[in-house]
Amino acid sequence: ENNNTWEVALEQAGDIIRPDGNDGETAMDQTIARSYTVNRARHRLNLKRATIDQAIKRGVFTSFIDPENNKRIPAAEVDHARALRDMQIV
């Protein structure tokens with residue numbers, strides 16, 4: 001059972017707001033604006049779900065479970081990975 005509150009989740013999400021995030025008044029809104037669900041991270045990085053899951057397992061990304069039982073990744077980590085990917089010359 002998940003006993004996290006949105007305030008705890010907000011601490012885990014960090015301070016960086018997603019490019020498409022809409023910061024709000026509530027801890028829930030702020031957490032959502034500062035993190036990605038695994039599925040949204042997968043789309044943002046153009047990776048398979050299994051790749052994201054392995055990255056979490058190996059410590060490349062940290063994750064946390066929000067009060068609605070969604071696994072989330074801090075936006076700072078996903079956006080940093082996206083920036084590194086975008087800088088690669090193909």
Side-chain angles (χ1 to χ4, degrees):
E1 183 175 314
N2 180 1
N3 292 320
N4 276 353
T5 64
W6 283 108
E7 288 75 17
V8 170
L10 178 56
E11 289 177 21
Q12 295 170 315
D15 298 327
I16 305 300
I17 298 173
R18 296 188 328 243
D20 65 342
N22 295 311
D23 206 19
E25 297 287 322
T26 68
M28 180 181 86
D29 291 339
Q30 292 171 10
T31 300
I32 292 169
R34 290 167 170 76
S35 61
Y36 291 88
T37 62
V38 171
N39 196 46
R40 286 187 68 124
R42 170 180 91 74
H43 287 289
R44 177 103 171 108
L45 298 172
N46 196 30
L47 296 172
K48 294 179 181 178
R49 170 71 190 239
T51 304
I52 296 286
D53 290 338
Q54 277 295 320
I56 292 169
K57 185 176 180 182
R58 293 180 181 181
V60 174
F61 294 126
T62 59
S63 67
F64 62 95
I65 305 297
D66 72 21
E68 295 179 353
N69 284 322
N70 294 304
K71 185 182 281 188
R72 298 185 137 329
I73 302 170
E77 296 180 21
V78 174
D79 293 336
H80 179 73
R82 170 75 184 253
L84 290 174
R85 189 202 71 191
D86 289 349
M87 287 189 317
Q88 290 181 349
I89 298 172
V90 181

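All heavy atoms count here, side chains included; hydrogens, waters and symmetry mates do not. Small disclaimer: the values here were computed from a predicted structure and weren't measured.
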Participant: As a quick check of understanding, evaluate side chain to side chain contact (heavy atoms under 4.5 Å, CB included) for Leu84 and Met87, giving each step before the final call.
Facilitator: CA-CA 5 Å; Leu84 290 174; Met87 287 189 317; 3.7 Å; yes
Participant: Would you compute the distance between atom NZ of Lys48 and atom CG of Asp53 and round it to the nearest 0.5 angstrom?
Facilitator: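 These two atoms lie 13.0 Å from each other.
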Participant: Could you pull out the closest heavy-atom pair between Ser35 and Arg18, with the gap in Å?
Facilitator: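 Looking at all heavy atoms of both residues, the closest pair is O-NH1, 3.0 Å.
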Participant: Answer yes or no: does atom CD1 of Ile16 have more than 12 heavy-atom neighbours from other residues, nucleotides or ligands under 6.0 Å?
Facilitator: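 Count not over threshold, so no.
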Participant: Would you say CG of Asp20 has more than 12 non-hydrogen atoms from neighbouring residues, nucleotides or ligands within 6.0 angstrom?
Facilitator: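 Count over threshold, so yes.
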Participant: Any heavy-atom pair between the side chains of Pro19 and Arg44 that's under 4.5 Å?
Facilitator: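 Yes; the side chains approach each other to less than 4.5 Å.
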Participant: Does a sphere of radius 6.0 Å around NE2 in His43 hold more than 12 heavy atoms from other residues, nucleotides or ligands, not counting ones at 6.0 Å or beyond?
Facilitator: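 Counting other residues, nucleotides and ligands, NE2 of His43 exceeds 12 neighbours.
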Participant: Looking at every non-hydrogen atom in both residues, tell me the closest pair between Ala41 and Val78 and how far apart they are.
Facilitator: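 That would be CB-CG2, 3.9 Å.
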Participant: Taking all heavy atoms of Ala9 and all of Pro67, pick out the closest pair and write down the distance.
Facilitator: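 Nearest pair, atom of Ala9 first, then Pro67: CB-CD, 4.2 Å.
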Participant: Thinking salt bridges, do Arg82 and Asp86 make one under a 4.0 Å N-O criterion?
Facilitator: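 Salt bridge: yes.
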Participant: Answer with yes or no whether the side chains of Arg34 and Gln30 bring together a donor and an acceptor at under 3.5 Å.
Facilitator: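 Judged by distance alone, the side chains do not pair up.
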Participant: Output the distance between atom CZ (Arg72) and atom CD (Gln12), rounded to the nearest 0.5 Å.
Facilitator: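 Arg72 CZ to Gln12 CD: 11.5 Å, rounded to 0.5 Å.
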Participant: First locate atom NZ of Lys71, then atom OG1 of Thr37, and finally report the distance between them rounded to the nearest 0.5 Å.
Facilitator: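 Interatomic distance, Lys71 NZ to Thr37 OG1, rounded to 0.5 Å: 11.5 Å.
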Participant: Are Phe61 and His80 packed together at the side-chain level, in the sense that at least one heavy-atom pair is separated by less than 4.5 angstrom?
Facilitator: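 When only atoms from C-beta onward are counted, His80 and Phe61 do not touch, as no gap falls below 4.5 Å.
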Participant: Is there side-chain contact between Arg42 and Asn39, with at least one heavy-atom pair below 4.5 Å?
Facilitator: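 A side-chain contact under 4.5 Å exists here.
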Participant: Test of understanding: with side-chain contact (heavy atoms from CB on, under 4.5 Å), list the residues that count as partners of Leu47, not counting sequence neighbours.
Facilitator: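 Per chain and number, Leu47 pairs via side-chain contact (heavy atoms from CB on, under 4.5 Å) with Leu45, Thr51, Ile52.
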Participant: Nearest 0.5 angstrom please: Ile32 CD1 to Asp23 CG, how far?
Facilitator: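 Rounded to the nearest 0.5 Å, the CD1-CG separation comes to 11.0 Å.
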Participant: Taking all heavy atoms of Gly24 and all of Asp29, pick out the closest pair and write down the distance.
Facilitator: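 Answer, listing the atom of Gly24 first, then Asp29: CA-CB, 3.7 Å.
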